[in-house]
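To start, the structure itself, in structure tokens.
Being a predicted model, the structure only gives us computed values, none of them experimental.
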Amino acid sequence: MKKMYPVAIPVLNGNEKKYVMECLDSTWISSNGSYIEKFEQGFADFCGTKHAISCSNGTTALHLALLAHGVEWGDEVIIPTLTFVATANAVVYCGAQPVFVDSESETWNMDPELIESKITPRTKGIIVVHIYGHPTDMDPIMGIARKHGLFVIEDAAEAVGAQYKGRMVGSIGHSATFSLFGNKIITTGEGGMITTNDDRIADQIRLLRGQGQDPQKRYWFPVIGYNYRMTNMQAAVGCAQLENIHWHIEQRIRVAMLYQQFLEDDTRLTLPVQKEWALNVFWMSSIILKEGTSQYRDQVMLQLMERGIESRPFFYPMHTLPPYRKLQMEEEFPVVNRISALGMNVPSYGTLLEDDVKYICMNIKEVLDRLGGDEYRDQS
Ligand SMILES: Cc1ncc(COP(=O)(O)O)c(C=O)c1O
């Protein structure tokens with residue numbers, strides 16, 4: 001039988017089952033219980049932050065962080081146009097407007113040089129996204145934020161463990177958010193986390209996460225909050241994942257290095273980089289087809305699928321999606337328009353073996369040979 005390679009598979013090879021069974025046996029299955037505190041403390045220790053606050057997913061993490069930073073109706077928040085839609089949607093949940101910025105062509109992250117021209121009197125803050133696991137160039141962005149009195153939230157949904165100049169992502173901005181969805185480097189099934197060193201922001205996030213209930217007075221709600229809590233069972237899975245977090249990260253890097261080894265000599269493709277100041281955790285291994293070949297991208301994905309190899313297109317830029325496309329002009333984003341049309345993510349999970357990646361790469365090359373023929377090669 002033909003082997004199937006999905007893009008992502010969660011790897012649950014530690015104490016996940018044991019800890020979840022403990023929750024079931026003890027009946028601590030809701031959002032109270034010892035695993036929540038343990039998971040939050042362990043996550044904060046890993047990122048080197050004072051606080052880590054768990055929540056129901058990476059989207060609610062963004063919503064809580066934006067609210068805690070005071071984002072409200074009429075504000076603008078600057079975000080990269082190359083991101084998952086949750087980054088933009090969370091801004092809109094607050095009644096604010098996302099303002100999109102193009103990417104650098106090397107790291108695919110928001111280009112710091114393009115940010116200042118997007119700042120208006122309504123701008124409240126910036127969300128950076130460490131896309132596909134490569135950290136954003138944070139120093140210039142923190143400098144711009146200081147100069148203009150803006151907050152910076154790191155959307156680190158895809159980048160737990162990535163480092164910027166030796167510092168953990170999640171510890172650099174004023175706060176940071178993580179996703180723990182099943183395809184992420186570590187997972188709790190669904191889940192999210194917010195890290196910060198700011199006591200006031202942390203208190204506000206805890207308040208809003210738990211329906212706005214006054215921590216000193218049960219059933220007293222001084223503000224309108226949300227039920228965005230994580231369950232003890234999810235935190236139990238998270239604790240088990242955290243015990244092996246270095247292994248999970250190493251596997252993503254190992255897989256990306258294998259793609260590098262088998263594909264780097266193929267001039268039809270561009271592969272992800274790792275800047276000298278970065279540790280890229282390669283949440284998703286990626287390939288970008290050569291310029292001028294966007295007509296082949298979806299065909300390549302289709303033909304790989306026929307061979308049992310799943311892939312997914314790079315995110316469609318936010319400025320092209322129906323809810324957002326009226327906001328800004330298409331021509332403001334030449335880099336992302338190109339990357340997004342030519343890029344795809346390939347199977348990236350930690351249990352892929354060398355032979356698996358070799359097989360996937362052989363198929364990628366074969367599909368390109370067949371699709372492009374001489375015409376494709378002539379353009380190299
Ligand atoms: C950059 C980014 N932000 C936010 C999210 C949202 O996280 P979740 O799916 O846990 O709500 C994701 C999820 O994939 C993401 O990639």
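When hydrophobic clusters are built by joining Ile, Leu, Val, Met, Phe, Trp and Tyr residues whose side-chain heavy atoms come closer than 4.5 Å, directly or via intermediates, Ile201 is not grouped with Phe151. Under a hydrophobic-cluster definition in which Ile, Leu, Val, Met, Phe, Trp and Tyr are linked whenever side-chain heavy atoms come within less than 4.5 Å, directly or via other members, Phe181 and Ile9 are assigned to different clusters.
In this structure, Ser54 contributes its side chain and Glu40 its backbone to no donor-acceptor pair below 3.5 Å. Of the possible donor and acceptor atoms, one in the side chain of Ser26 sits under 3.5 Å from a partner among the backbone N and O of Glu22. Between the side chain of Asn232 and the backbone N or O of Trp28 there is at least one donor-acceptor pair closer than 3.5 Å. Remark: the backbone N or O of Cys55 is not paired with any side-chain donor or acceptor of Arg209 at under 3.5 angstrom. Listed for the Thr187 side chain is no donor-acceptor partner under 3.5 Å among the backbone atoms of Lys184. When atom types are taken as modelled, the side chain of Asn15 and the backbone of Lys18 share no donor-acceptor pair closer than 3.5 angstrom. When atom types are taken as modelled, the side chain of Asn280 and the backbone of Val273 share a donor-acceptor pair closer than 3.5 angstrom. Within the 3.5 Å criterion, the main-chain N or O of Tyr296 finds no donor-acceptor partner in the side chain of Thr293. Judged by distance alone, the side chain of Glu158 and the main-chain N or O of Ile131 form no donor-acceptor pair under 3.5 Å. Asp214 places no side-chain N or O within 3.5 Å of a backbone atom of Tyr219 that could act as its donor or acceptor partner.
Salt bridge Lys3/Asp356: present, at least one basic N to carboxylate O contact under 4.0 Å. Salt bridge present: Lys275 and Glu106 bring a charged side-chain N and a carboxylate O closer than 4.0 Å. We find that Arg268 and Asp369 are joined by a salt bridge, their nearest charged nitrogen and carboxylate oxygen being less than 4.0 Å apart. With salt bridges taken as basic N to acidic carboxylate O contacts below 4.0 Å, one links Glu332 and Lys118. Salt bridge absent: Glu72 and Arg122 never bring a charged side-chain N and a carboxylate O closer than 4.0 Å. At a threshold of 4.0 Å, the pair Arg254-Glu354 does not count as salt-bridged, since none of the basic side-chain nitrogens sits closer than that to a carboxylate oxygen.
What you find for Val160 and Ile249 is that their closest heavy atoms are O-CD1, 3.8 Å. The two atoms that bring Pro222 and Gly212 nearest to each other are CD-O, 3.1 Å, heavy atoms only. The two residues Leu207 and Pro215 have their closest heavy-atom pair at CD1-CD, 4.2 Å.
Partner of Ile78 under the side-chain contact (heavy atoms from CB on, under 4.5 Å) criterion, chosen from Val91, Thr120, Val128, Val101: Val101. Checking each of Thr195, Asn197, Asp203, Asp199 against His51 for a side chain to side chain donor-acceptor pair (under 3.5 Å) leaves exactly one that passes, namely Asp199. Checked against Asn345 for a side chain to side chain donor-acceptor pair (under 3.5 Å), the options Ser285, Ser311, Ser286 give a single hit: Ser286. Of the options Thr136, Val99, Ile141, a side-chain contact (heavy atoms from CB on, under 4.5 Å) to Ile126 is made by Ile141 and by none of the others.
Within 6.0 Å of NZ in Lys17 there are 12 or fewer heavy atoms belonging to other residues, nucleotides or ligands. For CD of Glu113, the number of neighbouring non-hydrogen atoms (other residues, nucleotides, ligands) closer than 6.0 Å is 12 at most. Other residues, nucleotides and ligands contribute only 12 or fewer heavy atoms inside 6.0 Å of the CE atom of Met21. Taking a 6.0 Å sphere around NE2 of His148, one finds it holds more than 12 heavy atoms contributed by other residues, nucleotides or ligands. Few gaps surround CD on Glu366; more than 12 heavy atoms of other groups in view lie less than 6.0 Å from it.
Met344 places none of its side-chain heavy atoms less than 4.5 Å from the side chain of Arg312. Residues Gln211 and Asn227 meet the side-chain proximity criterion, which asks for heavy atoms closer than 4.5 Å. Looking only at side-chain heavy atoms (C-beta outward), Asp198 and Ser175 stay at 4.5 Å or farther from each other. Two residues are said to be in side-chain contact when any heavy atoms from C-beta on lie closer than 4.5 Å; Gln204 and His69 fail this criterion. Side-chain atoms of Val300 and Leu289, non-hydrogen and from C-beta on, do get closer than 4.5 Å to each other. For the pair Val129/Ile79, no side-chain contact is recorded, criterion being any heavy-atom separation below 4.5 Å from C-beta on. Side chains of Cys239 and Glu16 form no contact here, defined as non-hydrogen atoms less than 4.5 Å apart. With contacts defined as side-chain heavy-atom distances shorter than 4.5 Å, the pair Gln213/Arg206 does not qualify.
Atom CD1 of Ile360 sits about 10.0 Å away from atom CG of Leu263, to the nearest 0.5 Å. Summarising the geometry, atom CG belonging to Leu304 is positioned 7.5 Å from atom CZ belonging to Arg307; distances are rounded to the nearest 0.5 Å. Taken from CG in Leu62 to CG in Asp155, the straight-line distance is 4.5 Å, to the nearest 0.5 Å. To the nearest 0.5 Å, atoms CG (Leu302) and CE (Met305) are separated by 9.5 Å. Taking CG from Asn244 and CG from Leu12, the interatomic distance works out to 10.5 Å, rounded to the nearest 0.5 Å. The distance from atom CG of Leu180 to atom CG of Asn183, rounded to the nearest 0.5 Å, is 11.0 Å.
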Verdict with supporting geometry, Ile36 and Met230, side chain to side chain contact (heavy atoms under 4.5 Å, CB included): CA-CA 8 Å; Ile36 296 277; Met230 173 179 276; 4.2 Å; yes
Run the side chain to side chain contact (heavy atoms under 4.5 Å, CB included) check on Tyr35 and Cys23 step by step: do they pass? CA-CA 9 Å; Tyr35 281 114; Cys23 296; 3.6 Å; yes
Could you check Tyr259 against Ile287 for side chain to side chain contact (heavy atoms under 4.5 Å, CB included), going step by step and ending with a plain yes or no? CA-CA 9 Å; Tyr259 279 108; Ile287 56 177; 5.6 Å; no
Checking side chain to side chain contact (heavy atoms under 4.5 Å, CB included) for the pair Ile172/Val152: CA distance, chi angles, key distance, verdict? CA-CA 9 Å; Ile172 306 163; Val152 176; over 6 Å; no
Passes salt bridge (charged side-chain N to carboxylate O under 4.0 Å, His left out), Arg229 versus Glu190? Steps please. CA-CA 11 Å; Arg229 297 181 299 256; Glu190 292 276 1; over 6 Å; no
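Side-chain rings of Tyr132 and Phe282 stay apart, their centers remaining 6.0 Å or farther from each other. Ring-centre distance between Phe46 and Phe39: not below the 6.0 Å cut-off. Taking the centre of each ring, Tyr349 and Tyr5 stay at or above the 6.0 Å mark. Annotation: His319 is not in aromatic contact with Phe100 [ring centroid separation under 6.0 Å not met].
A parallel orientation is assigned to the rings of Tyr226 and Tyr228, their planes being inclined by less than 30° (bins at 30° and 60°).
No side-chain N or O of Gln97 forms a donor-acceptor pair with one of Tyr324 less than 3.5 Å apart.
Judged by a 6.0 Å distance limit and a 45° cone about the ring axis, Lys365 is not positioned over the six-membered ring of Phe262.
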